Trainee: 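Can you keep this structure in mind? I'll have questions shortly.
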Amino acid sequence: MEQAPRDPERQLQPAPLEPLGHPDAGLQSAVGEEAEGARDESPGEGTMTENNFWLKKIEISVSEAEKRTGRNAMNMQETYTAYLIETRSVEHTDGQSVLTDSLWRRYSEFELLRNYLLVYYPHIVVPPLPEKRAEFVWHKLSADNMDPDFVERRRIGLENFLLRVASHPILCRDKIFYLFLTQEGNWKETVNETGFQLKADSRLKALNATFRVKNPDKRFTELKHYSDELQSVISHLLRVRARVADRLYGVYKVHGNYGRVFSEWSAIEKEMGDGLQSAGHHMDVYASSIDDILEDEEHYADQLKEYLFYAEALRAVCRKHELMQYDLEMAAQDLASKKQQCEELATGTVRTFSLKGMTTKLFGQETPEQREARIKVLEEQINEGEQQLKSKNLEGREFVKNAWADIERFKEQKNHDLKEALISYAVMQISMCKKGIQVWTNAKECFSKM
Amino acid sequence: MEGDRLASQARSSGLPAGGATGESPGVDAPLLGGSGSSALLQAEVLDLDEDEDDLEVFSKDASLMDMNSFSPMMPTSPLSMINQVKFEDEPDLKDLFITVDEPESHVTTIETFITYRIITKTSRGEFDSSEFEVRRRYQDFLWLKGKLEEAHPTLIIPPLPEKFIVKGMVERFNDDFIETRRKALQKFLNRIADHPTLTFNEDFKVFLTAQAWELSSHKKQGPGLLSRMGQTVRAVALSMRGVKSRPEEFMEMNNFIEIFSHKINLIDKISQRIYKEEREYSDEMREYGPIHILWSASEEDLVDTLKGVASCIDKCCKATEKRMSGLSEALLPVVHEYVLYSEMLMGVMKRRDQIQAELDSKVEALTYKKVDTDLLTEEIGKLEDKVECANNALKADWERWKHNMQNDIKSAFTDMAEENIHYYEQCLATWESFLASQTDLHMEETSEDKPESH
């Protein structure tokens, strides 16, 4: 199992690890891997049972959604949806599951969790959340966040997010994640106490790095291109799919009008009446069948959307690499310039312009003591710098190694999931065709009996 | 007045086989010429002795023969009509075949118009030859329709396609428009040919056979424009009257026509709308497929799957196009023809009412007038005959029309259902074969899996 890189300076490990007893509560999900035996961390007193407990399989579900009203930070009334998260442990022996935890969370708390994970696991492709607002909507779908269908799809998306995190070999061990599932009250404060927001790289810094980095790892550059392409093509696909859905809806629904008119017409027809009437009924069935069909397709669209958002997560990892690389390059540059300064001071030659040099020239030379002092300072700085450069280099290499491992894991997951999604799309089409054949065969029979 | 030359309804007028093509079995030679006499009738019975089938037909309708008077205005009961039309189609009885094709544009200094080539093939004796080829323009068709309506005011004359397109099209000379019109014109002529009475109309014969200049001079005969206008004015005034004293069965008929007209118009709109939606769906699908190909360019491991999906979508798109063309050939023209028919029917009702009103007004006059009573009584006698004739003609034709309508509608919608079934079957096959190929691949992959991958 992989470990998050330990960086004493950056404290990539979540902070409240020690105070709360034992590190790395090994969470497993029903989807994920079996525990490779108990982690050999120091089991705190009274945590023995907990450790064993978490080694069993865990099932996580977001089982309900509820509308709530409350007061927000500005003491204004607001309506929001809360989601019930239930965690069950599955007994090995008889496969029965026991409810161990259940609490309510709202979307913003999920966001908080994810932002925390992004900061503490920058080398991981962090699973995305379902969209905040409904996009790629076709006309019948509501863009309203309170719409029950949207809420339902979001519930599924949130559950999917939790399952993805729980089945990730590294993320599943995170304490904050564990608390998210188990500690309802005070969780927000706990997360904020980690101070992760302060550790987050500023957007500006990252942007700067993107443009200025000279030697990023080629694989990351390629990965960035790939994620751009992925995002662009999936967006395009989802847009057109929404239009196709719209049109398909139209075709089906207009047929429903036949039902009404046939029924009215059948009233004046003696021989043809029955046939018309029953054919009309089948037209109604046909028209209403589109609702279920398109709802299923919406789930397919959600599966694609997840990977649309994953593209952003990939880009985040690439950005982190660029930032680290840039940092490294800057540190190297800084070191080089200090060394040069030192050399110049030692030998007395001025090759590069410096303000000190100028003032010295203008206001008279400094004393040998002063020069010595400066050289000493510089030498200290150079030493420090070399240490830093070494550790930055190491850090960088560790990052690349670990990130790339997760990217490979991600690639396999993506290929598997997308293939499954495309196949499920085919299955949906097949089901739609079968329904169509049945309805029209019935209608044809009615027509031929007229 | 007008000779309502109803052929003896002994021969089945036949059922139109599948509405859209206009290939309906026709009618036979009339048993009655201009004047019917029992002698003539019997002679013709003998003439057709050899043909077993014809005898069969005759014997079945012996009762009809007896019932009817041998005047040209032979009333037939609707019941007997129904009996006849239940006979099997006998295509070999059709002796007049008409096709309309080769639209050609003609430009003169005054106007531009289109003519259509009309080819008639016939075995009828009264035609000088067995094949005719003429060119006619829409105006000529309008003239023919007018003459038929004049000659048979209470028969259901087939409708002509519209003079102008209501909406959507800018030019008269758009290809689709011309093709649709050509088909409708062919239908129009064949429906006349299949009609037991109209098929023997003299103007119809002239229309099919006369050269251009012959037709022009023929057109100039007959009541002039002014007298026809005068008739129209009187007719409008009278028709209101006729409505009040309309017999029960015609009230029912009128009720049917009103409701039918409303419904068929709705169905026309619905069908056009479906076509439009399918068109737009097909357009979107055409864009949808290629996106998957685009995607496959950046996904090494998903190339097969993505290309497979793209290919399925393209095939379904083509299937949709096919469904659309089926709709536009089988359903839309039929429904639209009946929209026009419903307008014709309302006209026929009006004319019947007019004829009735003429009689009623004369009858009323008789009660008030003291002089010229003999003359009036004689006129009333003639009008009473006229009314009876008109009513009977309409009743018979109504049953025939209704029967045809039911068959045409049934046929058209059955075809539409068939098109849809075929469409879904094609799409199903496409996706199923894709799915099979994916699961096969998967089987291959898992069987090749080495232990390391887990």
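The figures that follow rest on heavy atoms only: side chains count, while hydrogens, waters and symmetry mates do not. No experiment lies behind these values; they were computed from the predicted model shown. Each chain gets a letter, A, B and so on, in the order its sequence line appears, and its residues count up from 1.
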Trainee: Ring centroid separation for Phe413(B) and Phe262(A), is it under 6.0 angstrom?
Mentor: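 So the answer is yes for these two rings.
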Trainee: Side chain, backbone, both or neither: which part of Leu276(A) has a non-hydrogen atom closer than 4.5 Å to chain B?
Mentor: neither
Trainee: Name the region of Ser271(B), side chain, backbone, both or neither, that has any atom closer than 4.5 Å to a heavy atom of chain A.
Mentor: both
Trainee: Just so I understand: if I count every heavy-atom pair under 4.5 Å between each of Leu418(A), Asn442(A), Val233(A), Leu230(A) and chain B, which residue has the most?
Mentor: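 The option with the most such pairs is Val233(A).
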Trainee: Taking His236(A), Lys449(A), Met432(A), Arg260(A) one by one, which has the highest count of heavy-atom pairs under 4.5 Å against chain B?
Mentor: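 When all of His236(A), Lys449(A), Met432(A), Arg260(A) are compared, His236(A) has the most.
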Trainee: A quick test of your reading: do over 12 heavy atoms of other residues, nucleotides or ligands sit less than 6.0 Å from CZ of Arg273(B)?
Mentor: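 Not buried by this count: 12 neighbours or fewer within 6.0 Å.
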Trainee: I need the contact set between residues 309-318 of chain A and chain B: heavy-atom distance under 4.5 Å, sorted by residue number.
Mentor: none
Trainee: Can you tell which part of Tyr423(B) gets under 4.5 Å to a heavy atom of chain A, answering side chain, backbone, both or neither?
Mentor: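 For Tyr423(B), neither part sits under 4.5 Å from chain A.
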Trainee: Please check if any side-chain donor atom of His168(A) sits under 3.5 Å from a side-chain acceptor atom of Asp406(A), or the reverse.
Mentor: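 There is such a pair (donor and acceptor under 3.5 Å, judged by atom type) between the side chains of His168(A) and Asp406(A).
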Trainee: When heavy-atom pairs shorter than 4.5 Å are enumerated against chain A, which of Met285(B), Gln426(B), Gln406(B), Lys276(B) gives the highest number?
Mentor: Gln406(B)
Trainee: With only heavy atoms counted, which part of Ile259(B) is less than 4.5 Å from chain A, the side chain, the backbone, both or neither?
Mentor: both
Trainee: Identify which of Glu252(B), Lys402(B), Met416(B) forms the greatest number of heavy-atom pairs closer than 4.5 Å to chain A.
Mentor: Met416(B)
Trainee: What's the separation between atom CE in Met450(A) and atom OG in Ser448(A), rounded to the nearest 0.5 Å?
Mentor: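 Between atom CE of Met450(A) and atom OG of Ser448(A) there are 9.0 Å.
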Trainee: Ion pair present between Asp302(A) and Lys305(A), side-chain N to carboxylate O less than 4.0 angstrom?
Mentor: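 The answer is yes: the pair qualifies as a salt bridge.
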Trainee: Check the pair Glu284(B), Arg243(A) against salt bridge (Lys or Arg N to Asp or Glu O under 4.0 Å), reporting the backbone distance first and the verdict last.
Mentor: CA-CA 7 Å; Glu284(B) 297 294 350; Arg243(A) 293 206 302 257; 2.9 Å; yes
Trainee: In terms of heavy-atom proximity below 4.5 Å to chain A, should Leu435(B) be classed as side chain, backbone, both, or neither?
Mentor: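 Contact with chain A involves the side chain of Leu435(B) alone.
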Trainee: Quick one: pull up OG1 in Thr320(B) and CG in Asp283(B) and give me the separation to the nearest 0.5 Å.
Mentor: 10.5 Å
Trainee: Which bit of Ile274(B) is near chain A, if near means a heavy-atom gap under 4.5 Å: side chain, backbone, both or neither?
Mentor: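 Both parts, heavy atoms under 4.5 Å.
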Trainee: Cut-off 3.5 Å, side chains only: do Gln303(A) and Glu420(A) have a donor facing an acceptor?
Mentor: no
Trainee: Ignoring hydrogens and geometry, is there a side-chain-to-backbone donor-acceptor pair from Ser296(B) to Ile293(B) under 3.5 Å?
Mentor: yes
Trainee: Identify which part of Cys427(B) has an atom lying under 4.5 Å from any heavy atom of chain A, answering side chain, backbone, both or neither.
Mentor: both
Trainee: Let me know if Glu299(B) has heavy atoms under 4.5 Å from chain A in its side chain, its backbone, both or neither.
Mentor: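 Side chain only.
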Trainee: Select, from Leu266(B), Ile267(B), Val309(B), the one with the greatest count of heavy-atom pairs under 4.5 Å involving chain A.
Mentor: Ile267(B)
Trainee: Nearest 0.5 Å, please: how far is CG in Leu223(A) from CZ in Phe220(A)?
Mentor: 7.0 Å
Trainee: For Ala443(A), which residues count as a side chain to side chain contact (heavy atoms under 4.5 Å, CB included) partner, sequence neighbours excluded?
Mentor: His282(A), Met283(A), Trp440(A), Phe447(A)
Trainee: Is it the case that the side chain of Ser263(A) and the backbone of Gly259(A) share a donor-acceptor pair, with hydrogens and angles ignored and the cut-off at 3.5 Å?
Mentor: no
Trainee: Can you pull the ring pair (Phe, Tyr, Trp, His ring centres under 6.0 Å) pairs that have at least one residue in residues 290-334 of chain B, sequence neighbours excluded?
Mentor: Tyr288(B)-His292(B)
Trainee: Got a sec, which residues hit salt bridge (Lys or Arg N to Asp or Glu O under 4.0 Å) with Lys269(B), two or more places apart in sequence or on another chain?
Mentor: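 Counting only residues at least two positions away or on another chain, Lys269(B) forms no salt bridge (Lys or Arg N to Asp or Glu O under 4.0 Å).
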Trainee: Answer with side chain, backbone, both or neither: which region of Tyr258(A) has an atom nearer than 4.5 Å to a non-hydrogen atom of chain B?
Mentor: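 Looking at Tyr258(A), backbone and side chain both touch chain B.
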Trainee: What part of Phe256(B) gets closer than 4.5 Å to chain A, counting heavy atoms only: side chain, backbone, both or neither?
Mentor: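 Looking at Phe256(B), backbone and side chain both touch chain A.
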Trainee: Flag the one option from Glu278(B), His422(B), Glu277(B) with the top tally of heavy-atom pairs under 4.5 Å to chain A.
Mentor: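 Result: the option with the highest number of such pairs is Glu277(B).
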